[in-house]
Participant: 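Input: one structure, supplied below.
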Amino acid sequence: MMMDQSNLHYSNKTVRRIIFILLLIPMCLKAQETQESTTRLFVGGGWANVLDTYLSPYAYKGGTVKMMIERQYEHTMHRTSLHVSGLENPAGNVNEYDFGVAYGVAHHFQLLQNGAFRVKAGPMGHFYLGCIYNERNGNNPAQAKLALMLDASALATYDFRLFRKDFQLEYSLDIPFIGFAYSPQFGQSYYEEFSLGNYDHNCVFAHPFNTPSLRQRLVIDFKFNRGRCLYLGYDNELYQTKYNELRHHSYSHSIILGIKL
Amino acid sequence: MKQFFHTIVIIGSVLALTACVKEELPTADTPQGNLDALWQLLDERYCFFDYKKAELGVDWNEVHERYRKKISPKMTSLQLFEVCCAMIAELKDGHVNLGASFNLGRNWSYWEDEPENYYDSIARSYLGHDYGIAASLKYTVLDDNVGYVRCESFTNDIGHGNVSSVLSLLAPCNGLIIDLRNNGGGSLVNADCLASHFTNEKILVGYIYHKTGKGHNDFSKMEPQYLEPAKGTRWQKKVVVITNRQCFSAANDFVKMMHCLPNVTLLGDKTGGGSGMPFTQEIPCGWSVRYSAVVTVDRDKKHIEFGIEPDVKVEMQMEDVMRKKDTLIERARQLLAN
């Protein structure tokens with residue numbers, strides 16, 4: 001049976017429980033912070049492709065720059081990131097800007113350790129706040145993005161030696177699983193939402209069928225003397241949503257460069 | 001636990017990689033592709049199809065078939081623009097526009113084919129030279145101690161402080177004229193702000209609803225629109241709102257609100273309408289498409305898309321024009337004097 005989003009009803013109790021669990025994750029992981037940690041700063045740039053049918057039926061393409069700070073404990077990982085994209089419509093006569101900040105905290109369990117190859121996976125609480133602004137539109141000039149998600153997160157590392165140097169190859173994958181996201185209704189104006197306060201399914205229950213997305217990253221770690229490291233990698237976000245008959249995708253491919261702080 | 005996460009990762013990867021969210025409208029930047037995209041965009045998002053079918057007999061599928069025949073692969077941009085504009089003009093909606101760098105496609109027949117009932121030089125003579133300006137409100141006191149406020153647009157911000165100051169200065173007047181003629185609209189927030197200074201209690205003024213899907217009848221429930229009294233100065237005496245066919249969009253909504261108030265008389269010509277709040281999208285060649293997306297109706301749930309009738313119908317008389325008198329303002333003064 002196909003489920004219509006508008007027909008889904010969730011009791012306040014269930015909603016409160018899920019939000020409570022999502023908010024509890026960073027608090028529970030606070031205890032981990034007494035352990036030794038590695039903090040990494042990444043900056044990068046690349047190509048972005050953004051579709052948001054509240055603003056335009058067509059995908060806008062352009063460049064993106066991003067920055068990430070990641071603190072890794074033995075089992076816990078905190079990641080804060082921000083990105084800004086400058087985009088253009090297919091005809092090349094309108095600009096759009098996409099920017100957002102995200103915070104994620106993951107707890108990874110050791111799943112596999114086979115010599116130099118290790119795999120860890122676990123849940124990740126993920127918060128995103130952003131906006132897409134179209135410089136031409138009148139009463140629908142922007143699309144606000146707000147999401148609180150529970151993701152499935154995995155991290156695989158492989159240590160190796162080459163040219164008598166130590167290297168580490170790291171692959172991470174996050175898949176949004178369940179949570180809540182903001183979305184206007186198909187033809188709803190911000191005047192109705194924010195000036196009149198009219199609610200219409202603006203808090204959407206997100207799940208893999210309406211949020212089929214992933215974030216992945218491949219990083220190679222060049223180790224130098226005295227524990228200094230340089231990271232070079234590829235970052236890929238495939239974020240897609242179908243809420244309230246509105247379609248959104250945000251694809252980005254970036255080359256990232258990082259240092260150990 | 002291990003198996004659970006393996007399963008989640010595999011399922012999630014398969015979903016993400018197979019369920020791509022793509023464009024749904026035609027993407028080909030060809031004459032046919034652009035016309036089809038324009039037609040489909042409006043078909044899915046325009047909010048007045050049933051009303052326009054009932055009032056004008058517009059059959060949107062028939063319109064598509066008729067205009068597709070006018071498309072040829074070798075036609076120029078100007079020719080395509082002409083065909084597309086003729087197609088959207090069938091809807092007779094001032095909020096439906098096609099925007100290209102060289103022209104704006106529109107149907108303004110709601111006022112272009114009607115008497116204007118306004119002469120700018122004559123109306124300005126009532127303001128004189130010493131009138132006040134508060135945001136986009138121009139105001140003065142006429143000889144017979146009637147306050148006169150000219151509101152030409154709701155585009156620029158009007159604050160409660162502006163309205164309170166104007167009404168306080170005009171408080172000794174016997175009555176107030178709000179001349180709304182040629183006000184083509186702007187922000188509903190500004191219209192709400194001005195109207196809120198003319199009520200002492202929260203009153204129902206209309207309903208608002210929007211599309212929830214691509215079907216012509218996919219609408220949200222009607223949400224009531226209330227006019228709440230402003231905290232600043234509130235006008236307690238008689239008011240005459242002067243209207244003409246160019247009172248459109250937010251100005252039409254202002255008239256809708258004022259029409260619900262007991263001390264207010266609408267005078268002049270029917271408003272131009274435009275009760276759909278417009279959104280903007282585009283077609284493959286980059287031309288912007290503006291269309292009515294959100295419906296507002298009056299407190300009786302009746303459409304005001306084609307305008308609001310005045311309480312007192314008055315047209316500009318040529319003999320008054322020759323004497324440099326504004327028939328509508330003079331009639332409003334008489335009403336307030338009585």
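From a predicted model like this one, the values you see are computed outputs, not experimental measurements. Naming convention: chains lettered A, B, ... in sequence-line order (proteins, then strands); numbering from 1 in each chain.
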Participant: Chain B heavy atoms under 4.5 Å from A/Thr211: which part of the residue, side chain, backbone, both or neither?
Facilitator: neither
Participant: Against chain B, label A/Asn137 side chain, backbone, both or neither, depending on which of its atoms sit under 4.5 Å from a heavy atom there.
Facilitator: both
Participant: I'd like to check A/Tyr58 versus B/Gln281 (side-chain heavy atoms, cut-off strictly below 4.5 Å). Are they in contact?
Facilitator: no
Participant: Within residues 282-291 of chain B, which positions have a heavy-atom distance to chain A below 4.5 Å?
Facilitator: B/Glu282, B/Ile283, B/Pro284, B/Cys285, B/Gly286, B/Trp287, B/Ser288
Participant: Measuring heavy-atom distances to chain B, does A/Tyr54 have an atom under 4.5 Å in its side chain, in its backbone, in both, or in neither?
Facilitator: both
Participant: So, taking the atom named CZ in B/Phe279 and the one named CG in A/Leu55, what distance separates them when rounded to the nearest 0.5 Å?
Facilitator: 10.0 Å
Participant: Let me know if B/Tyr226 has heavy atoms under 4.5 Å from chain A in its side chain, its backbone, both or neither.
Facilitator: neither
Participant: With the side chain counted from C-beta on, respond yes when A/Asn93 and B/Ser101 share a heavy-atom pair under 4.5 Å apart, and no when they do not.
Facilitator: no
Participant: Check the surroundings of atom NZ in B/Lys214: do more than 12 heavy atoms from other residues, nucleotides or ligands lie under 6.0 Å from it?
Facilitator: yes
Participant: To the nearest 0.5 Å, tell me how far B/Leu188 CG sits from A/Asn139 CG.
Facilitator: 7.5 Å
Participant: Where is the tightest heavy-atom contact between B/Thr280 and A/Gly138, given as atom of each residue plus distance?
Facilitator: OG1-N, 3.3 Å
Participant: Return the option, out of B/Ala293, B/Gly99, B/Pro278, with the maximum number of heavy-atom pairs under 4.5 Å with chain A.
Facilitator: B/Pro278
Participant: Evaluate whether atom NE2 of B/His259 has more than 12 neighbouring non-hydrogen atoms of other residues, nucleotides or ligands under 6.0 angstrom away.
Facilitator: no
Participant: B/Asp29 versus A/Pro90: any side-chain heavy-atom pair under 4.5 Å?
Facilitator: no
Participant: Atom OG1 in B/Thr212, atom NE2 in A/His201: separation rounded to 0.5 Å?
Facilitator: 9.5 Å
Participant: Under 3.5 Å, sequence neighbours excluded: what are the donor-acceptor pairs made by side chains of residues 187-195 of chain A?
Facilitator:
{"unit_1": "A/Gln188", "atom_1": "OE1", "unit_2": "A/Gln185", "atom_2": "N", "d": "3.0"}
{"unit_1": "A/Gln188", "atom_1": "OE1", "unit_2": "A/Asn202", "atom_2": "ND2", "d": "2.7"}
{"unit_1": "A/Gln188", "atom_1": "NE2", "unit_2": "A/Asn198", "atom_2": "O", "d": "3.0"}
{"unit_1": "A/Ser189", "atom_1": "OG", "unit_2": "A/Glu192", "atom_2": "N", "d": "3.3"}
{"unit_1": "A/Ser189", "atom_1": "OG", "unit_2": "A/Glu192", "atom_2": "OE1", "d": "3.0"}
{"unit_1": "A/Tyr190", "atom_1": "OH", "unit_2": "A/Ala142", "atom_2": "O", "d": "3.2"}
{"unit_1": "A/Tyr190", "atom_1": "OH", "unit_2": "A/Gln143", "atom_2": "OE1", "d": "3.1"}
{"unit_1": "A/Tyr190", "atom_1": "OH", "unit_2": "A/Ala144", "atom_2": "N", "d": "3.2"}
{"unit_1": "A/Tyr191", "atom_1": "OH", "unit_2": "B/Asp192", "atom_2": "OD2", "d": "2.7"}
{"unit_1": "A/Glu192", "atom_1": "OE1", "unit_2": "A/Ser189", "atom_2": "N", "d": "2.9"}
{"unit_1": "A/Glu192", "atom_1": "OE1", "unit_2": "B/His210", "atom_2": "ND1", "d": "3.4"}
{"unit_1": "A/Glu192", "atom_1": "OE2", "unit_2": "B/His210", "atom_2": "ND1", "d": "2.8"}
{"unit_1": "A/Glu193", "atom_1": "OE1", "unit_2": "A/Tyr182", "atom_2": "OH", "d": "2.7"}
{"unit_1": "A/Glu193", "atom_1": "OE2", "unit_2": "A/Tyr182", "atom_2": "OH", "d": "3.1"}

Participant: Check the surroundings of atom OH in A/Tyr158: do more than 12 heavy atoms from other residues, nucleotides or ligands lie under 6.0 Å from it?
Facilitator: no
Participant: Does B/Gln225 reach the side chain of A/Leu196, with side-chain heavy atoms less than 4.5 Å apart?
Facilitator: yes
Participant: Pick one of side chain, backbone, both or neither for B/Lys221, based on which atoms fall under 4.5 Å of a heavy atom in chain A.
Facilitator: neither
